[in-house]
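Report on the structure given below.
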Amino acid sequence: IEVESADEMPAVESAIKSLVIRRHRLPPNRYDSFQIRNMAEMQAVMAETSQTMSMLLASIAAISLLVGGIGVMNIMLVSVTERTREIGLRKALGARRRDILSQFLIEAVVVSLAGGLAGIVTGWLITLALAHLAGWTVAVSAGSVLLAFFFSAAVGIIFGLWPARQAAAMNPIDALRYE
């Protein structure tokens with residue numbers, strides 16, 4: 001049944017309920033033996049389900065970013081440890097703290113962007129494969145790709161900052177003596 005406006009919905013539902021009771025000759029104790037549902041209720045359920053799924057996906061994305069960031073930080077800490085003598089030599093030759101910091105931050109961003117690009121390509125390929133296999137119509141928006149790309153860069157900067165600061169704070173003499 002289609003109603004012209006949402007304001008008429010309660011009255012129409014009541015009229016339908018009365019009609020069903022009358023047509024089926026239901027006794028008063030059986031009035032609750034059927035239900036009348038409207039699309040507004042279904043839309044509300046769908047909206048709630050969609051919101052729950054969005055929260056679930058956002059939680060998974062946040063955990064993935066955290067794990068990826070920890071991976072970038074560990075890679076950068078290993079890089080700083082392996083290149084301690086190089087850092088000491090660069091500082092002894094006049095490299096400023098800012099130079100060392102920017103070198104390792106750029107490296108962290110490049111590592112993150114490489115991982116981000118690999119993730120974007122993998123996601124795009126999986127989307128195309130699912131669309132082909134399931135017969136779905138899908139589209140990968142440029143906005144979502146740019147958002148993923150910038151989040152990848154941000155993870156590199158945030159999680160690469162600590163190892164870069166450690167490298168920049170090294171004493172050149174101690175770094176040159178490091179074995």
Side-chain angles (χ1 to χ4, degrees), residues 1-79 105-165:
I1 298 173
E2 188 174 333
V3 181
E4 288 186 19
S5 74
D7 297 336
E8 298 174 9
M9 190 72 71
V12 171
E13 285 181 5
S14 178
I16 293 169
K17 185 173 185 174
S18 297
L19 179 65
V20 169
I21 290 170
R22 193 173 54 245
R23 288 266 173 100
H24 291 277
R25 297 184 183 109
L26 295 176
N29 64 344
R30 300 276 321 268
Y31 285 177
D32 61 349
S33 64
F34 65 96
Q35 294 179 348
I36 298 172
R37 298 180 189 229
N38 62 42
M39 292 302 289
E41 292 172 357
M42 290 183 205
Q43 285 177 334
V45 169
M46 289 298 290
E48 186 177 326
T49 303
S50 178
Q51 184 179 12
T52 301
M53 291 300 289
S54 295
M55 294 296 284
L56 178 67
L57 288 173
S59 299
I60 291 170
I63 291 168
S64 297
L65 284 173
L66 181 66
V67 169
I70 291 170
V72 168
M73 186 169 59
N74 284 337
I75 289 169
M76 293 310 300
L77 285 170
V78 168
S79 179
L105 269 180
I106 289 170
E107 188 175 324
V109 169
V110 168
V111 167
S112 293
L113 288 179
L117 285 174
I120 289 168
V121 169
T122 303
W124 181 68
L125 290 173
I126 289 171
T127 301
L128 289 178
L130 283 175
H132 179 71
L133 294 174
W136 296 340
T137 303
V138 296
V140 178
S141 69
S144 64
V145 171
L146 287 173
L147 184 67
F149 189 76
F150 286 119
F151 260 100
S152 178
V155 165
I157 292 170
I158 292 168
F159 285 91
L161 191 60
W162 186 52
R165 289 182 73 184

For the student: nearest non-hydrogen atoms of [X] and [Y], plus distance:
| X | Y | value |
| --- | --- | --- |
| Ala108 | Gly160 | CB-CA, 3.7 Å |
| Leu77 | Trp162 | CD1-CZ3, 3.8 Å |
| Gly116 | Ser152 | CA-OG, 3.4 Å |
| Pro10 | Asp7 | CD-O, 3.5 Å |

*All pairs passing side chain to side chain donor-acceptor pair (under 3.5 Å) where residues 8-30 contributes a residue, at least two apart*: Glu13-Asn38
_Residue pairs, two or more places apart or on separate chains, that pass salt bridge (Lys or Arg N to Asp or Glu O under 4.0 Å) and touch residues 106-133_ = Arg83-Glu107
Please check if the side chain of [X] supplies one atom and the backbone of [Y] the other of a donor-acceptor pair under 3.5 Å.
| X | Y | result |
| --- | --- | --- |
| Ser50 | Met46 | no |
| Ser112 | Ala153 | no |
| Thr49 | Val45 | yes |

_Full working for side chain to side chain contact (heavy atoms under 4.5 Å, CB included) between Leu130 and Val138_ = CA-CA 9 Å; Leu130 283 175; Val138 296; over 6 Å; no
What is the distance from atom [atom1] of [X] to atom [atom2] of [Y], rounded to the nearest 0.5 Å?
| X | Y | atom1 | atom2 | result |
| --- | --- | --- | --- | --- |
| Met76 | Leu105 | CE | CG | 8.0 Å |
| Ile21 | Phe34 | CD1 | CZ | 4.5 Å |
| Met39 | Ile1 | CE | CD1 | 14.0 Å |
| Leu125 | Ile120 | CG | CD1 | 12.0 Å |
| Leu113 | Ile106 | CG | CD1 | 11.5 Å |
| Glu41 | Gln43 | CD | CD | 11.0 Å |

_Crowding at CE, Met42 (>12 non-hydrogen neighbours, <6.0 Å)_ = yes
*asked:* So Leu65 and Phe159, do their side chains get closer than 4.5 Å, heavy atoms only?
replied: no
